[in-house]
Structure formats: structure tokens, C-alpha cells
> 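To start, I am sharing the structure in question, which I have written as C-alpha cells.
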Amino acid sequence: MKQELIDIIKSSLPKVLLDTDIVIDIEKPKVKEFGDYSTNIALKLSKVLKDNPLNIATSIIENIKSDKIIKMEIKSPGFINFFLKKDYLIDNINNVIKLDSSYGSSNIGKNKNYNIEFVSANPTGILHLGNARGGAYGDSLSRILTFSGYNVTKEYYVNDAGNQINNLGLSIKARYLEICKKDFEMPENGYFGKEIIDIATKLHNEFKDTLIDTPLDYFKNLGITSLLSKIIEDLKEYRIEFDKFTSEKDISEKYNLTSIINELSKNGYTYKLDGATWFKCSALFDDVDHVLIKDDGTLTYLVPDIAYHKDKYLRGYDKMIDILGTDHHGYVARLKSSIKALGNDESKLEVKLLQLVRLVENGEIVKMSKRTGKSVTLSELINEVGINAARYYFSKYSLDTQMDFDLTLAKSTTSDNPVYYVSYAYARICSILKDFEEVTNIDKYETLNKESAYNVLEKVYEFPEVVENAARKELPHLITQYVYELATEFHMFYSKNRILTDNETETKENINLIKAVKITIYNALNLIGVIPPVKM
RNA sequence: GUCCUCGUAGCUCAGCUGGAUAGAGCAACGCCCUUCUAAGGCGUGGGUCAAGUGUUCAAAUCACUUCGGGGACACCA
């Protein structure tokens, strides 16, 4: 309808103007009295035409003829408001029922290949609150983009090499020795989480004291495998499944890392200083240079990361999105510099920084740290607030808000959580529809001509547009916000009207209407990883 | 100190490629179950959109400055 209106307006404008870069915007006015849709085109044109916007609006209106428009109004300073016949809303009911689970989907992505890398937590502990937020965002975004015709690869980068893994191995071995009642020493940057002790305990149950002299590599590999599988398991329960896991170790083997550095050198982006090899990223996007090869000959973490992104570029995505915590923001400039230095288009990579979640308990901020093992883990979160509530909660906020996660509140007020409000609308519909599973085809609706019906239908009608918007702007919270509004309209309709009445025509029409609402709520919630209950 | 980011109702947050009277939820107060789920609906109160200046017909939205919260500034990853 929006596009139709744009076309109608376009055809009413003088031809000269169509060549200018003026875009016709149609928007939904916030207030009902301003009609179903409105445009500010006359205001925009007033500058070009050097005329009063009200005059321009008048001449535009005079040229518009459409049987879909009931009336048009000009409001100061120059808005044109359109009041439409409501047929398009009612006709949409059949459309929704027909499309069912694909209602809202589109092909605006034109099968473009997107890669979204998220979570990517090091396998040195289990997932915590911050991962829950990044995970919810990345997964919801993937769902929205896929629904909109993009070809999305969800990727998890596994940092299974380097110092941290060394510390992981040492930590597990230390715990194991502890259980064997031998002398043990936790490494300085060791991992003190309970999961490390669990791994050691399991090991001891199986092998008793026989592994005391086993080399460190054994403990490292064991740690990576068991923690990674625990992570994957948690994510799956949280309704996130990745398409691809890329291992740092594999990347380092696949690409000769020194050859990556040589490539940078060849392009003139390295130099030696104090025995180290530096990356001249200040020549590109960074403020300062960074070390690639330390003076002891070992590589910094940056090198495998450069190789990893080179790998992604070679795979030929149209766009790559990395979702990182804000604590990595300094890293972005380095990374983009490296991409450019290797001759790739760095604008294909978009880094989204999510503000870390602050955990508040009993009014005090709890510092999250994997090492101390005091963070709230993803599985604890799921157990305490539920998957639906957790997914909904994180999808409600835009990425750049610094959110406080009040654990005491989240635990105690689950029934106040908006996810229940939306779920309740869904469950109500399901309960009414229990005995009306079969679809009744209705060509002409006769009884739905009331305000409350139009209001719900208007929301239902908006859905594809909302999805498109969320996909284009990469903002999942638009969906969350929308589905809440849809639930509100339904609850209002429900309280004002009886669905099942003595009038057979009316009943059938009402049933089709709430079926359309049901489908829309389900599809919307599905995009943010929430599965509504049939009964509450 | 340099850079990034945020500041909107008592609280948690929407709204930000400029549009008409700044919106939700929670919290507060009042009303509505003999009727398909009251985990619901209706109503009331609540705001110098951190402050200032500028751009514009029009600024919460854009630019600059200031003040506040958070973060980043390693031969750690």
C-alpha cells in the first residue's frame, strides 16, 4: 500500500521533478487524526520549487485520483494526509492465512551472502551473560536476514591456540594433581571456574592417578574438546546453532602465518624496531602501530586473526559482520587496517560492538570474570529465567545500551516480563481456536468493519514492512517492539469483542482474523528465538 | 591525556538517514471478571529529551562545545 501511494504521488508530480534526487517518503502518522499515511513531499519540494508548501500540496492533491483513497487533507505546514479504504487490511487476512509461516518473508536480500560471526567465546570456560546477549543478537539477526532472503552463514571462531590455551591446560592439570593429592600450582592467569574442576574430577574418576606424568598437550586438548562441546550444548538449548566453526589452530596451519606477514611487508606495511616486527597500521586506520612478531620470535594474537579474516574474504561474502564486546573496540582499527593492507575492501566488514552486560545483584554490581568463576553462566540464566524470557529480554534492547541485568529482579518478576504478555495473547488465541482447526475460505468479509478490528489488522499488515526494516537496519529489537504492539492490539480487540458469537458469519470471520494474528505473532517471535506456548 | 560510546518519565528502555501533540513497560492511584484464559482491559498523574550554541520552514534526531556514566589505548588474547 505504501509503495502504491508512492507511485500514485509520483505520477502526479511534474516530470522535471522526477529526475531530481528527491525521495518520496510515506510514513504512518503517530496520531490517528492525521490519516492512515502521510507524506512531507510538499515540504521537501518547496525549496526546489521556491513556492509555499501548501500551494504545492494543493496542486499535488488535485492530480491524484484513486478509488482506494477516501479523502486527502493538507495540514500546515504542508503535510498531505491520506485516509484509505480499509479493504486492503481485510483482504490481507486471506493473504496471511495462505502464506502462513512465510508471512513477513521477502527477498530483499537477493540471496546475498552474509557471514555473521558471533559469540566466539574462548573455550577456556563456559558461556556467561555477555555471550547470552551477543548470542541472542547474532542469532536473531541471522534469522531476520534469512527470512528476508539473505544467505547467512553463522560462524563461531574458536580460539584454540595461544597462551590462554596453555593456561587452560595448566589449570586442568593443576586441578587434577590437586585431586590426586599431589603438589599443584595454579598458573598466574589460570582459570578458576567450577567447570575446570569438573573436567579434572571426571578425568580422575576415569583414570585415577595414572595421568600424573602425562604431557600438557593432553590436558589442553581435553579442555578444548570438553568445554567446546559444553558451549555448543548450551547454545543449542538457547536455540542457537552455528553453521561453521573455524579453529584458530586450523587457520594457522592452513596459512603459513609468516607468509601473511611477508605479504604485509611486501605491501610496505611492516617495519622492525627493538627486535620486533611491527604492523604499520597507523598509516591506515589506527592511531598507533602494533607488534606482529615479538622480539622472542613468537607471534602476537593479531597474526592469526589477520589470517582468519583473510580466509573469510577468500570465501567471497558480500558482507561480513563481527559481533564483539566493546572491550574489543580498539581492535577494530587494527583489523580493518590489516584487511586493507592485504588489498581487500575493508568496508565489507562491519564490526558491531555490544555494550557489556552489567550484572546487578542485591543492588550491587558484580564484576564478571571467567577466572574467578563468579559470573552468571548461560545455563544458570536459562534455568532461572527460562529460554523464552532470556531471548526476549536480550532482543528487547538495542546493542548500544549499557544494560544492567538485575538477577534478583529477573528471577522474581518473571510474570511481569513482557514476553508473558505476548505469549498470553498467543495462548488465548490457541485456546479459542482449539475447535476450529480447519480453514474456512471467505471471499468477502462483512462484519469486521469496526475500529478495534482495523487496529489489529493494521498491525498485522505492518509486519512485512517491520521485518524489512529490521533486516535493513540490522536491528532485531524492532521485531520485539512490534510483536508487543501487536499483542496489545489483540488484547484490546479481545476485550471489546466476542470472537465466538451466535452469528455464524461473524464467528467465522473473527476466527480467520485471529488466525492471521496467531500466524503473525508466531512468525515474529520465531525471528527472535522465542517459541510461544499453546497454553498458559 | 587521546579515541570510542551512552545520557529521553521515579526505574528499565523505544523513538535518532530531521517532520505534526516525545512513546511503551514497571512502579503509584482509581475502575472493569455471571460472558471464548483478569498473566487481560480502561482511566489518572508523571518530561527544561544532560546543558549550551549553531544549521533549518522544522532538532530528542544533524554539527560543535561543556558536563556526567561506561569502555579502549600491551612485545596479553
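Keep in mind that this is a model prediction, so the values were computed, not measured.
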> Within the 4.0 Å heavy-atom criterion, would you say A/D305 contacts the bases, only the backbone, or no part of the nucleic acid?
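Since no nucleic acid heavy atom lies under 4.0 Å of A/D305, the category is nothing.
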> Can any side-chain N or O of A/K336 pair as donor or acceptor with the backbone N or O of A/L349 at less than 3.5 Å?
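Yes, A/K336 side chain to A/L349 backbone: donor-acceptor pair under 3.5 Å.
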> Run the salt bridge (Lys or Arg N to Asp or Glu O under 4.0 Å) test on A/K28 and A/D36 for me, step by step, so that the C-alpha distance in whole Å, both residues' side-chain angles and the decisive distance to 0.1 Å come before the verdict.
CA-CA 6 Å; A/K28 262 193 115 36; A/D36 297 301; 5.3 Å; no
> Find the partner of B/U48: check Watson-Crick (N1-N3 plus N6-O4 or O6-N4) and G-U wobble (N1-O2, O6-N3) distances, both under 3.5 Å, and reply none if neither fits.
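B/U48 is paired with nothing.
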> Determine whether A/Y522 and A/Y426 satisfy the following criterion, side chain to side chain contact (heavy atoms under 4.5 Å, CB included), listing intermediate values before the conclusion.
CA-CA 8 Å; A/Y522 189 88; A/Y426 187 83; 3.4 Å; yes
> Counting any heavy atom closer than 4.0 Å, what does A/K30 reach on the DNA or RNA strands: base, sugar-phosphate only, or nothing?
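Since only primed, P, OP1 and OP2 atoms lie under 4.0 Å of A/K30, the category is sugar-phosphate.
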> Applying the Watson-Crick and G-U wobble criteria at under 3.5 Å, what pairs with B/A22? Answer none if nothing qualifies.
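Paired with no nucleotide.
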> When the nearest nucleotide of RNA chain B is assigned to A/P77 and to A/L299 on a heavy-atom basis, which residue is associated with the more 5' position?
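This one resolves to A/P77.
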> Considering every strand and a 4.0 Å limit on heavy-atom distances, what is the contact class for A/V534: base, sugar-phosphate, or nothing?
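Base contact - A/V534 has a heavy atom under 4.0 Å of at least one base atom.
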> Using whole Å, report how far CG of A/D400 lies from C1' of B/A72.
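Value for this atom pair: 17 Å.
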> What integer number of Å spans the P atoms of B/G70 and B/A22?
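Going atom to atom, P in each nucleotide, I get 32 Å.
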> Counting heavy atoms from C-beta on, name the nucleotide in B/U37, B/G41, B/A77 closest to the side chain of A/Y421.
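Of B/U37, B/G41, B/A77, B/G41 is nearest to the side chain of A/Y421.
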> Give a yes/no verdict on base stacking between B/A20 and A/F34: centres under 5.5 Å, planes within less than 30° of parallel.
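Yes; by the centre-distance and plane-angle rule, A/F34 counts as stacking on B/A20.
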> Ignoring hydrogens and angles, does a donor from either the side chain of A/Y420 or the base of B/A39 sit under 3.5 Å from an acceptor on the other?
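Absent.
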> Across the strands shown, which category fits A/D327 at heavy-atom distances under 4.0 angstrom: base, sugar-phosphate, nothing?
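The residue A/D327 makes sugar-phosphate contact but no base contact.
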> Which atom pair, heavy atoms only, marks the closest approach of A/D160 to A/S247?
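Closest pair (atom of A/D160, atom of A/S247, distance): OD2-OG, 2.8 Å.
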> May I ask you to say what A/N497 touches in the nucleic acid, namely base, sugar-phosphate or nothing, with a heavy-atom cut-off under 4.0 Å?
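It contacts base atoms.
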> May A/Y484 be described as stacking on the base of B/G25, applying a 5.5 Å centroid limit and a 30° limit on plane angle?
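Base of B/G25: not stacked against A/Y484.
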> Give none if B/A74 has no partner; otherwise give the nucleotide forming a Watson-Crick or G-U wobble pair with it, both distances under 3.5 Å.
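When the pairing criteria are applied, nothing turns out to pair with B/A74, so the answer is none.
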> Whole-Å distance between B/A20 C1' and A/I80 CD1?
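It works out to 14 Å between those atoms.
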> Base, sugar-phosphate, or nothing for A/Y397, non-hydrogen atoms under 4.0 angstrom?
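Contact class for A/Y397: sugar-phosphate only.
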> Reckon A/N81 touches a base, only the sugar-phosphate, or nothing at all at heavy-atom distances under 4.0 Å?
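Base contact.
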> Test of understanding: with ring pair (Phe, Tyr, Trp, His ring centres under 6.0 Å), list the residues that count as partners of A/Y156, not counting sequence neighbours.
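Listed in chain order: A/F242, A/F245.
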> Considering only atom C1', compute the distance from B/C62 to B/G47 and round it to an integer number of Å.
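Comparing C1' positions in B/C62 and B/G47 gives a spacing of 23 Å.
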> So what does A/N40 touch, heavy atoms closer than 4.0 Å: a base, only the sugar-phosphate, or nothing?
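Since a base atom lies under 4.0 Å of A/N40, the category is base.
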> NA contact type, A/S38, heavy-atom cut-off 4.0 Å: base, sugar-phosphate, or nothing?
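It contacts base atoms.
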> Looking across every strand, which nucleic acid part, if any, lies under 4.0 Å from A/M536 by heavy atom: base, sugar-phosphate, or nothing?
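Base contact.
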> Starting from the 5' end of RNA chain B, give me the residue, A/K434 or A/L399, whose nearest nucleotide shows up first.
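Taking each residue's closest nucleotide, the earlier one in sequence belongs to A/L399.
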> Just by distance, do the side chain of A/S282 and the backbone of A/D287 share a donor-acceptor pair under 3.5 Å?
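Not at all, since once roles are kept as given, no pair shorter than 3.5 Å links the two residues.
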> Test the A/K75-A/F34 pair against the cation-pi criterion, namely NZ or CZ under 6.0 angstrom from the six-membered ring centroid and within 45° of the ring axis.
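Judged by the rule, A/K75 and A/F34 form no cation-pi pair.
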> Heavy atoms only, 4.0 Å cut-off, all strands: where does A/Q355 land among base, sugar-phosphate and nothing?
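Counting heavy atoms under 4.0 Å across all strands, the contact made by A/Q355 is with sugar-phosphate only.
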> Which whole number of Å gives the distance between the C1' atom of B/C6 and that of B/A51?
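Approximately 16 Å lies between the C1' atom of B/C6 and that of B/A51.
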> Is A/E73 touching bases, backbone alone, or none of the nucleic acid, heavy atoms closer than 4.0 Å?
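No contact.
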> Of all the choices, B/A72, B/U35, B/A14, which nucleotide is nearest to the side chain of A/H329 once you look at every atom?
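It is B/A72.
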> Which listed nucleotide (B/U37, B/G41, B/C75) is nearest to the side chain of A/M492?
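From the listed options, B/G41 comes nearest.
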> Using the C1' atom as the reference point in each nucleotide, state the distance between B/G7 and B/A50 in Å, no decimals.
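Comparing C1' positions in B/G7 and B/A50 gives a spacing of 6 Å.
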> With heavy atoms under 4.0 Å as the rule, sort A/I293 into base, sugar-phosphate or nothing.
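Nothing: the residue A/I293, judged by heavy atoms under 4.0 Å, touches no strand.
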> Remember a base hit wins even if backbone is also touched, and classify A/R334 as base, sugar-phosphate or nothing at under 4.0 Å, heavy atoms.
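If one applies the 4.0 Å heavy-atom cut-off, A/R334 turns out to touch a base.
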